[in-house]
Visitor: 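This is the structure I have questions about; it appears just below.
We use all heavy atoms of the structure for the numbers below, so side chains are in, but hydrogens, waters and symmetry mates are not.
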Amino acid sequence: MENPFSDMLRFAVHSESFEEGPIDALKSRIEALKPVYAMHHPTGMFDAVFGVLKKGQAIGALIVMIFILLCAVLVHHIMRLNVLSQRKQIRTMQLVGGHPSFVRRPYLVLAF
């Protein structure tokens with residue numbers, strides 16, 4: 001009769017080697033040792049976790065891009081509102097003979 005209380009050895013693998021190929025090579029090397037009867041490692045156990053992490057990373061990147069787009073739209077509209085609120089002053093500068101770069105300069109300095 002076989003001994004039901006077999007010895008077990010637990011070990012950890014570095015994250016850079018945590019792929020199916022290196023783990024299978026390690027399993028075959030360990031099983032080739034004389035006192036080893038069998039080795040068990042959970043194949044495919046972490047594929048679902050890595051899939052969820054990749055999806056989460058893609059969703060996070062999408063949310064960041066949406067926020068960047070919203071910020072750009074918000075800045076654009078704020079600048080337009082600033083120009084529209086001061087259009088009388090801009091028109092006065094143009095009528096006095098101000099060059100377009102002279103008229104633009106104070107608003108660009110304020111924006112930066």
Side-chain angles (χ1 to χ4, degrees):
M1 184 169 176
E2 189 176 319
N3 183 3
F5 303 111
S6 61
D7 294 330
M8 294 182 68
L9 177 66
R10 295 182 70 151
F11 59 93
V13 179
H14 287 290
S15 62
E16 61 266 2
S17 300
F18 199 73
E19 294 176 1
E20 203 165 325
I23 291 179
D24 286 339
L26 180 64
K27 178 183 177 185
S28 63
R29 283 180 32 204
I30 290 174
E31 285 179 340
L33 297 173
K34 185 176 182 184
V36 175
Y37 173 70
M39 180 181 161
H40 170 72
H41 74 282
T43 56
M45 180 175 150
F46 297 104
D47 292 340
V49 174
F50 288 141
V52 169
L53 288 176
K54 285 183 182 180
K55 286 179 186 177
Q57 184 180 14
I59 291 171
L62 181 66
I63 289 172
V64 167
M65 284 193 280
I66 288 172
F67 280 139
I68 289 173
L69 178 69
L70 287 175
C71 287
V73 168
L74 185 65
V75 167
H76 176 262
H77 285 297
I78 288 173
M79 289 180 71
R80 280 184 58 117
L81 284 172
N82 190 18
V83 168
L84 286 176
S85 69
Q86 297 182 7
R87 65 178 177 246
K88 289 182 182 179
Q89 186 178 10
I90 292 171
R91 184 69 180 144
T92 304
M93 282 191 243
Q94 289 173 342
L95 288 174
V96 172
H99 195 266
S101 65
F102 176 77
V103 174
R104 236 181 269 130
R105 188 176 306 127
Y107 298 103
L108 290 177
V109 168
L110 182 66
F112 286 117

Visitor: Q94 versus R91: any side-chain heavy-atom pair under 4.5 Å?
Guide: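 Result yes, sub-4.5 Å side-chain heavy-atom pair found.
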Visitor: Any side-chain heavy atom of I66 within less than 4.5 Å of one from L62?
Guide: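 Side chain of I66 against side chain of L62, heavy atoms only: contact under 4.5 Å found.
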Visitor: Starting at CG of L81, measure out to NE2 of H76 and round the result to the nearest 0.5 Å.
Guide: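 Reported to 0.5 Å precision, the distance equals 10.0 Å.
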Visitor: Consider only side-chain heavy atoms of I, L, V, M, F, W and Y, link residues closer than 4.5 Å, and tell whether M93 and V83 are in one cluster.
Guide: yes
Visitor: When you group the ILVMFWY residues by side-chain heavy-atom contacts below 4.5 Å and let the links chain together, are I63 and L70 in the same group?
Guide: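 Same cluster.
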Visitor: Using 0.5 Å steps for rounding, measure from the CD atom of E31 to the CG atom of L26.
Guide: 10.0 Å
Visitor: Measure the spacing between CD1 of I90 and CG of N82 and express it to the nearest 0.5 Å.
Guide: 7.5 Å
Visitor: Linking I/L/V/M/F/W/Y whenever their side-chain heavy atoms sit closer than 4.5 Å, directly or via other members, would F67 and I59 fall into one cluster?
Guide: yes
